[in-house]
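Below: the structure, in structure tokens.
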Amino acid sequence: MTPTPTPAPTPSRRTVLGGTALAALTLTTTATPTATAAPSASASASASEAAKSRTGEEGWPTEYPLPDGWLPEGIAIGGKPYAYQGSRANGGILRTDLRTGEGTVLYAGGAGQVSVGLKLDHDGLLYVAGSTGVARVVDSRTGELVTTHQLSPATGHFINDVTLLDDRAWFTDSRDAVLYGVPRGRADGEIRALPLTGDWVQLPDVNNANGIVGTPDGRGLIVVKSTPGELYNVNLRTGHATRITLVGASDVVNGDGLYRIGRTLYVVQNRLNLISVWSLDRTATTATLTRTITDPRFDVPTTAARYGDRLYLVNARFTSPQLPETTFTAVAVSI
């Protein structure tokens with residue numbers, strides 16, 4: 001899927017990159033064409049326009065810039081029109097107004113920090129996968145670092161993505177067959193390590209568990225295994241992982257971020273520059289491919305977050321030089 005991260009001096013989700021802390025800045029977007037991805041067959045044009053009207057998306061930018069050298073990978077959106085994008089360069093978090101595309105650095109990060117997958121809770125707390133064995137909690141209103149959780153040793157582990165389910169934030173470790181459940185909120189609590197068993201076979205020297213979401217019934221977790229491209233339904237009580245049968249495609253190779261709406265699962269397949277859309281059965285043990293979404297603006301998109309009628313994705317550009325002067329964007333496509 002991606003190059004193996006190394007533990008020092010600054011491991012990242014896909015590569016080891018140096019980077020100095022980026023100063024707080026404001027970005028202004030310019031108008032861009034709307035996404036060319038085909039709309040869902042089940043949604044009429046009038047329904048789509050009504051959804052846009054309700055969320056105020058009409059006229060909002062469908063592409064906006066991120067800071068040069070930001071090295072984005074994760075994106076989170078809550079109930080308000082603001083996106084939060086993490087940095088692999090220094091662990092910073094950028095807050096972008098979706099109505100204008102203007103962004104400011106919420107959390108400056110620091111030397112040796114990495115921010116990859118992230119999710120925003122209803123109480124305004126951001127849960128951030130920190131790659132090097134850590135998870136951080138950041139206040140989305142103030143940029144305050146609330147706490148840092150040491151989930152695993154820094155070496156030999158890769159804390160990659162996160163989802164929120166019940167009273168915990170669940171993190172994947174791409175280099176170990178275990179999920180970590182961190183108590184939600186500001187209070188400290190016991191971290192739960194959930195070893196993956198059942199159909200799960202951990203592969204050496206590649207990224208395994210990556211994106212993660214809750215099952216439609218809220219009783220388990222769906223995890224994508226980037227290599228070789230499989231989906232699993234994980235029992236929250238036992239850690240037993242049942243491989244999900246795929247219908248319509250043999251795999252979800254390069255599967256990265258996951259997003260679910262009801263029984264519809266969106267799988268971002270980064271280096272393929274597409275989103276595959278799957279219909280889950282009642283038990284979330286079979287997934288049927290219904291369509292794919294592609295867009296000429298995709299440049300190795302990694303994760304997705306939803307606001308209204310759109311999915312927003314960050315372009316990680318893993319096939320381009322990852323330098324301080326490299327430009328990056330986020331793009332929106334209609335769902």
Side-chain angles (χ1 to χ4, degrees), residues 5 7-8 10-13 73-74 76 78 84 86 88 91 93 107 109-110 112-140 142-198 200 202 207-215 218-226 232-241 256-258 260 303:
T10 311
S12 76
R13 187 173 180 182
E73 187 154 352
Y84 300 85
R88 290 175 288 116
I93 297 173
Y107 172 69
Q113 292 189 22
V114 177
S115 290
V116 280
L118 62 164
K119 289 294 184 295
L120 179 63
D121 209 345
H122 59 80
D123 58 2
L125 295 181
L126 278 165
Y127 293 82
V128 184
S131 182
T132 56
V134 302
R136 289 187 297 277
V137 182
V138 175
D139 191 317
S140 69
T142 65
E144 169 200 4
L145 177 62
V146 175
T147 188
T148 298
H149 298 283
Q150 190 69 45
L151 305 183
S152 69
T155 58
H157 296 267
F158 176 15
I159 307 305
N160 193 325
D161 210 348
V162 57
T163 196
L164 307 178
L165 184 63
D166 295 332
D167 60 348
R168 293 183 182 269
W170 287 95
F171 293 82
T172 57
D173 185 340
S174 291
R175 295 297 170 132
D176 197 6
V178 61
L179 304 177
Y180 295 97
V182 171
R184 291 162 69 172
R186 292 178 176 270
D188 291 333
E190 182 180 358
I191 296 172
R192 182 184 175 196
L194 183 67
L196 296 173
T197 62
W200 190 273
Q202 187 76 6
N207 287 334
N208 287 259
N210 197 330
I212 182 171
V213 293
T215 55
R219 298 177 181 176
L221 294 163
I222 297 174
V223 177
V224 61
K225 191 178 184 185
S226 297
Y232 289 83
N233 183 325
V234 179
N235 185 300
L236 267 178
R237 183 176 59 84
T238 65
H240 186 280
D256 202 324
L258 301 180
R260 183 183 58 77
T303 53

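Count residues from 1 along the sequence.
In this structure, Val178 and Leu151 have side chains that are not in contact, with every pair of non-hydrogen atoms separated by 4.5 Å or more. Using a 4.5 Å heavy-atom cutoff, the side chains of Phe171 and Tyr127 are in contact. Using a 4.5 Å cut-off on side-chain heavy atoms (C-beta onward), Pro183 and Arg168 make contact. Here the side chains of Leu236 and Arg219 are not in contact, with every heavy-atom distance at 4.5 Å or above. Using a 4.5 Å heavy-atom cutoff, the side chains of Leu194 and Trp170 are in contact.
Taking CG of Leu196 as the start and NE2 of His240 as the end, the distance is 11.0 Å to the nearest 0.5 Å. In this structure, NE2 on His122 lies 8.5 Å from CG on Leu164, to the nearest 0.5 angstrom. A distance of 10.0 Å separates CD1 in Ile222 from CD1 in Ile212, rounded to the nearest 0.5 Å. A distance of 11.5 Å separates OG1 of Thr163 from CG of Leu118, quoted to the nearest 0.5 Å.
For the side chain to side chain contact (heavy atoms under 4.5 Å, CB included) test with Arg186, the passing option among Val137, Asp123, Val146, Thr147 is Val146; the others fail.
Nearest heavy atoms, His157 versus Asp173: ND1-OD2, 2.7 Å. Considering every non-hydrogen atom in both Leu221 and Gly214, the closest pair reads CD2-CA, 4.2 Å. What you find for Asn160 and Ala209 is that their closest heavy atoms are ND2-O, 4.1 Å. Between Asp161 and Thr303 the shortest heavy-atom distance is OD2-CG2, 4.2 Å. Closest approach of Tyr232 and Ala241 over heavy atoms only: CD2-CB, 4.0 Å. Asp176 and Gln202 get closest at one heavy-atom pair: N-NE2, 3.3 Å.
When only modelled atom types and interatomic distance are considered, Asn210 and Ser226 share a side-chain donor-acceptor pair under 3.5 Å. A donor-acceptor contact closer than 3.5 angstrom is absent between the side chains of Asn208 and Arg175.
By the neighbour-count criterion of 12 heavy atoms within 6.0 Å, atom CZ of Arg192 is densely surrounded, having more than that number from other residues, nucleotides or ligands.
For Ser140 (side chain) and Gly124 (main-chain N/O), a donor-acceptor pair under 3.5 Å exists by modelled atom type. Using modelled atom types, no side-chain atom of Asp139 and backbone atom of Leu125 make a donor-acceptor pair closer than 3.5 Å. Between the side chain of Ser115 and the backbone N or O of Gly86, no donor-acceptor pair lies under 3.5 Å. No donor-acceptor pair under 3.5 Å is formed between the side chain of Arg136 and the backbone N or O of Leu126.
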Ile159/Thr172 under side-chain contact (heavy atoms from CB on, under 4.5 Å): CA gap, chis, key distance, verdict = CA-CA 6 Å; Ile159 307 305; Thr172 57; over 6 Å; no
Walk me through it: do Trp200 and Val223 pass the test side-chain contact (heavy atoms from CB on, under 4.5 Å)?
-> CA-CA 11 Å; Trp200 190 273; Val223 177; 4.1 Å; yes
